[in-house]
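Accompanying notes for the structure given below.
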Amino acid sequence: LSLDNQHFFVYSSKQQVPLLIVEATAPRANQSVFLHNALGLSRKPSFRVERMAITALKPEDLKSWAVIIMNDVSMPTGVLADALANFVAAGGGLLVATGAAVQQNWPTALLPGNPGPEIEAKQATVYNMTDFESDHPLSINLGVRNTIDLSLARVFKYRELQPGADDRVVARYNDGGAALLQRQ
């Protein structure tokens with residue numbers, strides 16, 4: 001009916017998780033573009049994603065975020081490191097994507113595991129995350145329609161992580177290496 005064609009509306013989700021991707025001052029070309037785009041597509045939960053250089057990040061900025069992803073940057077030191085530890089202690093989420101810049105100053109008091117060398121897949125092979133702890137919240141509904149199946153991700157290189165006594169291995173690669181650790 002023509003009467004039905006006169007309704008217009010805009011839907012906007014009010015519940016967005018504020019998430020910050022922290023990069024190096026001079027990041028690699030497109031370093032976080034895929035991560036940024038993938039998080040921007042998420043709907044349950046929905047994320048408000050921003051990127052920032054590590055040199056621009058100030059301790060007082062941390063309270064603006066629910067989750068911070070350190071994407072292949074050296075962990076901060078001094079006042080910013082203390083503020084980041086307080087952020088995590090207060091319930092803030094911290095995800096560290098390891099790369100060449102991370103190994104030098106890994107703060108084991110804050111982050112799980114001890115980093116080792118990079119493990120690179122042999123030619124024409126890849127690693128996949130195949131072993132997820134079934135009772136972990138990330139594992140719920142993995143592989144179910146309309147969810148993200150992390151086991152489909154192809155990994156060509158990863159940094160070896162040795163879990164500490166208080167660390168939980170949430171996911172492993174198909175070669176047995178720890179893919180995701182959580183500090184208990």
How far apart are the closest heavy atoms of [X] and [Y], and which atoms are they?
X	Y	result
Y173	V155	CE2-CG2, 3.8 Å
G113	L181	CA-CD1, 3.7 Å
N71	I21	CB-CG2, 4.0 Å
A171	M129	CB-SD, 4.4 Å
R159	G116	NH1-O, 2.9 Å
A24	I54	CA-CG2, 4.3 Å

**Asked** What's the verdict on side-chain contact (heavy atoms from CB on, under 4.5 Å) for I68 and L95, showing C-alpha distance, side-chain angles and the deciding distance?
**Response** CA-CA 6 Å; I68 297 174; L95 177 75; over 6 Å; no
Tell me every residue that passes side-chain contact (heavy atoms from CB on, under 4.5 Å) with [X], counting only those two or more places apart in sequence or in another chain.
X	value
Q123	none
A121	T125, Y127
K157	E118, E120
E50	L20, R48, W65

**Pairs where residues 21-49 contributes a residue and the test ring-ring contact (aromatic ring centres under 6.0 Å, His included) is met, not counting sequence neighbours** =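 Non-adjacent pairs meeting ring-ring contact (aromatic ring centres under 6.0 Å, His included): zero.
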**Message:** Going by side-chain hydrogen bond (donor to acceptor under 3.5 Å, both in side chains), name the residues that satisfy it together with S64, two or more places apart in sequence or in a different chain.
**Reply:**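 For S64, no residue satisfies side-chain hydrogen bond (donor to acceptor under 3.5 Å, both in side chains) once neighbours in sequence are set aside.
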**Message:** Please say yes or no: joined through hydrophobic side-chain contacts below 4.5 Å, possibly via intermediate residues, are V126 and Y158 part of one cluster?
**Reply:**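 No, separate clusters.
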**Asked** Can V22 be reached from V33 by stepping across I, L, V, M, F, W or Y side chains whose heavy atoms are under 4.5 Å apart?
**Response**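 No, separate clusters.
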**Item:** 4.5 Å side-chain heavy-atom contact, V169 and L180
**Value:**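 No, their side chains stay 4.5 Å or more apart.
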**Message:** Using a 3.5 Å distance criterion without hydrogens, assess whether the side chain of D167 forms a donor-acceptor pair with backbone atoms of G164.
**Reply:** yes
